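What follows is a set of notes on a single structure, which appears directly below.
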Number of protein chains: 2
Amino acid sequence: MADHAADGPADDGGGAGDASRPVTIAYIAESAGVSVPTVSKVINGKSGVSADTRARVEELVNRYGYRKPGASHRNNVVELVFRELKDMWAVEIIRGVERVARRHRVGVMVSEFGLHDTPAPHWDDTVSRRPSCVLSVAQLSEAERAQLKAKGIPFVVFDPTTELPDDVPFVGATNWSGGRAATRHLTELGHRRIAMISGPEDVLCCAARLDGYRSAMQAAGLPADPDLVVHAPLTREDGCAAARSLLARPDRPTAIFAANDLQALGVYQAAREAGLRIPDDLSVVGFDDLPVVAWVDPPLTTVHQPLTEMAVAATELALTLGRGEEAPQVGLELATTLTVRSSTAPPPATDARGH
Amino acid sequence: MADHAADGPADDGGGAGDASRPVTIAYIAESAGVSVPTVSKVINGKSGVSADTRARVEELVNRYGYRKPGASHRNNVVELVFRELKDMWAVEIIRGVERVARRHRVGVMVSEFGLHDTPAPHWDDTVSRRPSCVLSVAQLSEAERAQLKAKGIPFVVFDPTTELPDDVPFVGATNWSGGRAATRHLTELGHRRIAMISGPEDVLCCAARLDGYRSAMQAAGLPADPDLVVHAPLTREDGCAAARSLLARPDRPTAIFAANDLQALGVYQAAREAGLRIPDDLSVVGFDDLPVVAWVDPPLTTVHQPLTEMAVAATELALTLGRGEEAPQVGLELATTLTVRSSTAPPPATDARGH
DNA sequence: CTGAAAGCGCTTACAG
DNA sequence: CTGAAAGCGCTTACAG
């Protein structure tokens, strides 16, 4: 027969023995085969313990997830993590999170990590604050997700930019439908040469918006001209550059659908430079509905992304998971809606078929 | 001689007995003339204590600032408090605060209170989280300041909107100089009829900007025409309404200086409605330098307010005070700078004197 | 380096 | 409602 390999300290083969009553230093001491005072010394980083003993005790402290009695297991805090805090996005999200958190009497801790793939140095600070839950705007690496899982801290990904495993909770927007609605609005106005400035190909929401565009083009019986699709980073400058190249063509499009509002504002500038009037000579549609786009001239037709509502839903979900409850669903997409303003109109008469 | 009025429990006349060793429930019990278990019950909100006794014990617990042993006296957190989170302002500030806090390995807790004067219900939550310091965007009421002082939590007011007592730490911007620089820019271009849309009269920064305007007008030898100064809330809509009334006059101004960028964007719309071109027919200057104003057409000339730097300075100050150190100065104003873009030009030839 | 012993601050039955 | 007594989890000298 095999020997009794799993005849460990107190728990059965399972692992971190979480369910039972709280771990005490007496329990750690027994497991480590040392006295209570020795464990106390290790925990408080006092001297007078051999490196050997210290290592063994530390290992058990980690394994059993020991916490001092006062240190409440959970801080009443949701950690709201951004990759970049600069977008106009951020306020809308923070507001939504704050509103829900306040109602639950939970604090909102905001932190910004870089765009770099390397784990940010203060990620450990975030984790060690033992928040009720983490709400991450954009990605969490696999390692980060694993770390949170190990510590029992639930998390929700806000508007994920890449494909995630099925069990990762997320809240997003209906990007495909939004792209489709934006494009259909243009086809219904009579446009036939509709260009799309899409975002980076590996960003999920951009891929969805682009596919929505393609779907609407096809539904309108319009050819899928690959020349009408260009990719550019989601900034105003890059949107402008992309629009310049589109508008310089002899068979220039009569409408441009940009992957986000910033790019759309870049299109405005390119149009001005080219002496084209919006919407008379060129229709423009954006995506996001940032507050500012209602104030530019002409006010931008765009796909409204319900950022605040998404933040509310994400926070509710995160807090539910933080309470250890089961959530009705772990992933959801909130509906986008087309907001028609003044940057879209039928195409100029020379190009129009319908009018 | 006077009688021994201050012969209280253990401390001398001083007050909340902070310096000595930590307050225990035994000490509270002795002071209250009850047993240790009774105090324990009160603290943990258990039943089995008369209302009378409970009240007396609670009073002492508050007075001596009793804390459970585990609950560390200071959380490594700066509480960033907004009245309203919606402005584009907010992100810039949060970024600055976050950057500094991260370097000090301190968390940033963001909360939003209403505009109402009544103390927000979650203000107590904020205080009871025992942050290292509080950074308040806009006002703190006298009561709120007193509460923080009583708890020994230092605070800094960001961009104060009303006059504060001398000992209240604050960080602001040089609003008067900014208003002066904006107006001088217009007088130097040759404008003589320069209007100002100022903010509410009781908002300190607006009063300073208005005085800067007046000072520059006087320096340029221009008459102080009270008709050229109107007051309006700091929103785009109100700025637009104010501009409409200014532009409807027979002797309409050739330049408008708005108290903030939002108002200036309102002026843009009023100008469009009136068929006036900017800057050919009307010069416009704003205040704040929000990211968006570089993207509108034409890009707005405005007074740059170094929000991020202000946030950085305010956080450094707050954390310094939080460490119990003396700060070199408790109040400071950071310099504004005029950013000249394309919304300003010499006045139209018919009105100009110089050209 | 280690742990038996004393002690501290708090809580939990439980007797009055 | 109140508090003496027992107990818990942890830390602090201190003897080996």
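Atom set for the values below is all heavy atoms of this structure, side chains included, hydrogens, waters and symmetry mates excluded. Below, chain A is the first sequence line, B the second, and so on; all start at residue 1. Here the structure is a predicted model, which means the values were calculated and not measured.
Residue B:S40 has a polar side-chain atom (N or O) positioned under 4.0 Å from OP1 or OP2 of C:dT11. The side chain of A:Y66 places an N or O atom within less than 4.0 Å of a non-bridging phosphate oxygen (OP1 or OP2) of D:dC10. Side-chain N/O atoms of B:T38 include one lying less than 4.0 angstrom from OP1 or OP2 on D:dG3.
Qualifying salt bridge (Lys or Arg N to Asp or Glu O under 4.0 Å) partners for A:E333, counting only residues two or more places apart in sequence or in other chains: none. With sequence neighbours excluded, no residue forms a salt bridge (Lys or Arg N to Asp or Glu O under 4.0 Å) with B:D124. For B:E58, the salt bridge (Lys or Arg N to Asp or Glu O under 4.0 Å) criterion is met by no residue, not counting sequence neighbours. For A:T53, the side chain to side chain donor-acceptor pair (under 3.5 Å) partners at least two apart in sequence or on another chain are A:S50. A:R105 meets the side chain to side chain donor-acceptor pair (under 3.5 Å) test with B:D125; sequence neighbours excluded. B:R102 is linked by a salt bridge (Lys or Arg N to Asp or Glu O under 4.0 Å) to A:E112, B:E98, counting only residues two or more places apart in sequence or in another chain. Annotation: side chain to side chain donor-acceptor pair (under 3.5 Å) contacts of A:T38 (sequence neighbours excluded): A:S35. In this structure B:R323 satisfies the side chain to side chain donor-acceptor pair (under 3.5 Å) test together with B:E325, sequence neighbours excluded.
Remark: side-chain polar atoms of B:S40 are not paired, donor with acceptor, to backbone N or O of B:V36 under 3.5 angstrom.
Computed from coordinates, the B:I25 CD1 to C:dT12 C1' distance equals 12 Å when rounded to whole Å. When rounded to the nearest whole Å, the span between CD1 of A:I28 and C1' of C:dG3 equals 18 Å. We find that NZ of A:K68 is positioned 16 Å from C1' of D:dC8, with the value rounded to whole Å.
A salt bridge links A:R103 to A:E316: one of the charged nitrogens lies within less than 4.0 Å of a carboxylate oxygen.
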Just list the side-chain donor-acceptor pairs under 3.5 Å for residues 155-170 of chain A, sequence neighbours left out, or say none.
unit_1	atom_1	unit_2	atom_2	d
A:T161	OG1	A:Q139	OE1	3.0
A:T162	OG1	A:Q139	NE2	3.0
A:D167	OD2	A:K149	NZ	3.3

Give me the distances for all protein-to-nucleotides 14-16 of chain D N/O pairs that come in under 3.5 Å?
none

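Note on B:V39: nothing from the nucleic acid sits closer than 4.0 angstrom, heavy atoms only.
For residues 42-53 of chain B, proximity to DNA chain D is found at B:G48, B:V49, B:S50, B:T53, defined as any non-hydrogen atom under 4.0 angstrom from a strand atom.
Both key distances under 3.5 Å define a Watson-Crick or G-U pair, and stretches of 3 or more such consecutive pairs in DNA chain D run C:1-3 with D:14-16, C:5-12 with D:5-12, C:14-16 with D:1-3.
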